[in-house]
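The figures here come from the full heavy-atom set of this structure, side chains too, leaving out hydrogens, waters and symmetry mates.
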Amino acid sequence: MPVPRVGDDMSVDGPDNAVLTPAQEKETVTVLTEAAERQVKEGDTFYLISHRWWRVWQDYVDTTDHSSSDGGDPLTAFTPGSFGTFSKRPSSIENSDLVVDTPSSESQTSDPELKENLVEDRDYILLPEQVWLTFHKWYGGGPALPRKVITMGYGSHEDLAVEVYPLQVHITVVPPGTKVSMKFSKKDTVGKLQQAVCEHFKLEPENVRIWDYFNKVKNKELTESSKNLQDAYIHMNQDILVEVRRNGKWPESGTSSLSSGASSTSSALSSSSNGSAVGRELTVLSEGRSIANGPPASKTTTRNGSSFGYPTYSTDKEPASDGWLGSSSSAAKAGPKGVTGLQNLGNTCFMNSALQCLVHTPPLASYFLQDYSPEINRHNPLGMEGELAIAFGDLLRKLWAPGKQPVAPRQFKTKLARFAPQFSGYNQHDSQELLAFLLDGLHEDLNRVKNKPYIEAKDADGRPDREVATEYWANHRSRNDSVIVDVCQGQYKSTLVCPTCSKVSVTFDPFMYLSLPLPAKTTRSMTVTVFSGDGTASPASYTVTVPRQGKYKDLMQAIGTACNLGSDERLILAELYCHRIFRVLDEPSEWLTAIRDDDRLAAYRLPKSLDKGPLLCLLHRRLETDAYNPKKEGHWKLFAAPLVTCLPEEVTTGAELVNIVKKLLRPVERTDRIVLAESMDMDAERTVSDMSNEDVDMVEGGKENPAERGSNGNGETDPRTLDRAQDQSEQPFQLWLTDDKGSTREGSISMDTPVPPAANSARANIKVRYVAVDWSAKALEQEYDMSKIDMPPEVLRTGLPATSKKARQEAVSLYTCLEAFLKEEPLGPEDMWYCPRCKEHRQASKKLDLWRLPEILVVHLKRFSYSRYLKNKLETFVTFPIDDLDLSKYVATNSESQGYVYELYAVSNHYGSMGGGHYTAYVKLVDENKWYNFDDSHVSPVNESDIRTSAAYVLFYRRIRSEDSALRADGDDTVAQSHGLNQSDKLEVDADMSGAPSHLVPP
């Protein structure tokens, strides 16, 4: 079909009257999207649109006839289109769930503030400008949320990204101390920030100094006008100090002096002996120079020193301690080491969790506390010019300095965003994905191989596995040689068998971590609240179990059984949002995956005898005023859950409709209600009909609508209407015809007059009449308890406590997950293997075996799964060993002398749902033999018995050598006898467990 021309004429205030078919809309959007995405460039505009609204539109354009697929079970019989065929087409675009406050009709040009923690494909969809304009022409609505395309990264890492959250900074101007918040792009320069500040405050640039004022401390003057704000380490919601010169004098610094720890030189590496650029960039750690405000660094610390396994500090007066948290030096008296938190810079808990686990990995901590500058590979095309390793090492040193003052990882975050644009911005990310990037990036930055040789892999061809494995490992190490490979990389055997010719292919591949699958549950728990349609029962919530890949009819069947639905009754299933019905789920064969865990569902229980008649939907509103501005006019705002009942055709007068409403509200009547005069008296002088048409003036969609009265488009009521409402305060509520959003008044409902028709002709033939119930404050306080019909709970509340009985019953062993990872299974159709004998791609079977295990074993539990609508998190409780993870029976070779037993030393935890939630880390400090909970800035001790939770996401193990086990046993005997280890013996055990770099290379 020809695509309509999209131009400036589409930016109108309301929907286009010419409605296209769903197929035409879908094709138009598809063509426009594909055309826009082929030529995206920096500076283009994209628009955010609510994912909730987008799902409804997708359902509308993808609608197919399901009538023949449903069996017509009388218990679960749906009434497709029971809310009218009009309800299938979305109403106007509604982005209110994305913004803090929807702008009023008088301020549509303002820039709405986005809610925090919004996630693409969960909360919003990004649309090219032309697609947004097309949607706006068809549907109207808003508010519009435009965002610009910017370039992130550099060189081969450069990528285009939509800047969903512009950089907001808080400006303080002294004198006189005025404060204002301003928004900029991350790519805006320091010069543009200065220009904007000078224009806003009418200042002369030569009389202005701008400071990085992070944590209310003058860190650095921003003098490089051409540097962009991201490279200047300016982060979201950061403070900026603007000093103004008055009468030739700058304001006195006062308490805003430069932080002694602000300079990067205070936490840099020792310079290299050859005076390279790395040495100059990483300032010398000379005698008396502190590490992140700690005591002077040891002059005797070397890579080959006996302290390699653990950090060591010393002072001039006392010898260094050999322990991880040695207490023999005055450094220890200044505070413990290794218990420093990381400030959250805005949704950076995922990064903080991953960093704490890596920073507390013993061999990595030791390595980065030494002079590693000779190993930095600045010319590796796969690396980051050494900058990632430098930034990580600098941060690690700060975290291992004595004291507990939290560290702000600003420079590291900036470097990370530069080299990995996917982690830029301030959205929540996956800690495991970050770990994978960091381990790989650190490896390439520290790869000792400067020129990688080309090596062609040879097929096994029946040779012994040991020979082939050794050859593959040697080939790998000839191209990859770094501390990361030394410590973190292992090797597994991969066996492929062709199903046609039985060709066997054996390869030995390296791995950095193991991603273990969790047993997928075949069922899903869903909570639905059932509302009575005749007022005979209070709402009741039911949690039912349905097939994970089930359909709407499965949910309806389960709910019908749970609530004892009669054979003469039916249920209407609906999603509620913002105290109104957002969509009706009336297609029996639609997949349940279209329902998210955070949706809120209601089922309305109605008689089948009236299934052909219209429905009545009550939307509750109450008058709200601005607590901070009492003089501001109040507005009617939706609250509580909507109620639905059948509307008999013989109901034609206001009195009959009022009786139905009162009957439906019986469950919320207070038992101790104060007896008042009859609320809906037949006396016309006390009815809503007293309000003449001249008393109110309604606005909808920004355009005046004479048929709508009593409020403007934002629900703000005319003052004269408020006066009338106050005069009639004796009435518990007043009824008005309204739209499906409860945002209009289309006619008053009087006791002695016929119910007026819908003012909007587009809704005149709908089978649903929407009525607004405007409640008086007195009735809500004394007569009706509306909390009984609150909004339903979410379909599923995540974060089941791991200690609960149910979680324990559903627990699986880490060994079970490992066995699932190693078991033989056929490749998927998208992963076909090319058989060299058949010369065809085949769906071969694949079997994995562990062959060579690393010193540090990272285990990733695959908790997240994806579908069209659903990004699901598995809350499965995994029982994992803490002291004795024995992998002996899973290793296909016995060539390693170190053994295959590991102990846990760190856990990255994720609490909450997919795309959001919160990350923390559990870390064990070996010298103390004590676990700590790292929750961003907050660090606190935690019992070892509390380490196992259903939040465990990434596990960090370190190998226990045979001699370590013997020493551990001796230590345990000592503990049993004296309730404590001798300090020197304890340090000796720890030193032995740390190992040395030459011993860390797997054989």
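Distance alone, capped at 3.5 Å, is enough to place a donor-acceptor pair between the Arg397 side chain and the Phe368 backbone. Between the Asn380 side chain and the Arg378 main chain, no donor and acceptor come within less than 3.5 Å of each other. Between the Asp239 side chain and the Lys216 main chain, no donor and acceptor come within less than 3.5 Å of each other. With hydrogens and angles ignored, the 3.5 Å screen pairs no side-chain donor or acceptor of Asn207 with any backbone N or O of Val244. Side-chain atoms of Gln356 come within 3.5 Å of backbone N or O of Thr340 as a donor-acceptor pair. Checking side-chain atoms of Asn247 against main-chain N and O of Lys249 turns up no donor-acceptor pair under 3.5 Å. With hydrogens and angles disregarded, a donor-acceptor distance shorter than 3.5 Å links the side chain of Asp430 to the backbone of Gln432. Under a 3.5 Å cut-off, the side chain of His443 and the backbone N or O of Leu439 do not form any donor-acceptor pair. A donor-acceptor pair is defined here as one N or O able to donate and one able to accept, closer than 3.5 Å; no such pair exists between the side chain of Ser225 and the backbone of Gly191. Between the side chain of Arg147 and the main chain of Tyr165, no donor-acceptor pair closer than 3.5 Å is present.
Using modelled atom types, one finds no donor on one side chain facing an acceptor on the other under 3.5 Å when comparing Asn933 with His938. There is a side-chain donor-acceptor pair under 3.5 Å between Thr151 and Glu42. No side-chain donor-acceptor contact under 3.5 Å links Ser226 and Thr189. Judged by distance alone, the side chains of Gln238 and Tyr233 never bring a donor and an acceptor atom under 3.5 Å apart.
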Please assess Lys930 against Glu944 for the test salt bridge (Lys or Arg N to Asp or Glu O under 4.0 Å), listing each intermediate value before the final yes or no.
-> CA-CA 8 Å; Lys930 190 173 183 180; Glu944 185 176 284; over 6 Å; no

Glu224 and Val190: CA distance, side-chain angles, deciding distance, side-chain contact (heavy atoms from CB on, under 4.5 Å) verdict = CA-CA 7 Å; Glu224 300 179 61; Val190 171; 5.8 Å; no

Are Asp935 and His918 close enough, and set up right, to give a side-chain hydrogen bond (donor to acceptor under 3.5 Å, both in side chains), and what steps lead you there?
-> CA-CA 9 Å; Asp935 187 354; His918 182 60; 2.7 Å; yes

Could you walk me through whether Ser908 and Ser353 pass the side-chain hydrogen bond (donor to acceptor under 3.5 Å, both in side chains) test, one step at a time?
-> CA-CA 6 Å; Ser908 176; Ser353 173; 2.7 Å; yes

Apply side-chain hydrogen bond (donor to acceptor under 3.5 Å, both in side chains) to the pair Tyr905 and Thr361, showing each step before the final yes or no.
-> CA-CA 8 Å; Tyr905 70 89; Thr361 296; 2.6 Å; yes

For side-chain contact (heavy atoms from CB on, under 4.5 Å), just list the numbers for Leu114 and Leu145, CA-CA rounded to whole Å, side-chain angles, deciding distance to a tenth of an Å, and then say yes or no.
-> CA-CA 9 Å; Leu114 287 182; Leu145 301 170; 3.9 Å; yes

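At a threshold of 4.0 Å, the pair Lys148-Glu163 does not count as salt-bridged, since none of the basic side-chain nitrogens sits closer than that to a carboxylate oxygen. Between Asp188 and Lys192 there is a salt bridge, with a side-chain nitrogen of the basic residue lying less than 4.0 Å from a carboxylate oxygen of the acidic one. Using a 4.0 Å cut-off between a side-chain N of Lys or Arg and a carboxylate O of Asp or Glu, Arg410 and Asp212 qualify as a salt bridge. At a threshold of 4.0 Å, the pair Lys218-Glu243 counts as salt-bridged, since one of the basic side-chain nitrogens sits closer than that to a carboxylate oxygen.
When the shell of 6.0 Å around CD of Glu116 is examined, it contains 12 or fewer heavy atoms from other residues, nucleotides or ligands.
Cation-pi check for Arg863 over Tyr953 is not met; the charged atom does not lie both under 6.0 angstrom from the ring centroid and within 45 degrees of its normal. No cation-pi contact links Lys337 to Trp400, judged by a cut-off of 6.0 Å to the six-membered ring centre and 45° from its axis.
The heavy-atom pair separating Lys187 from Asn228 by the smallest distance is O-CB, 3.6 Å.
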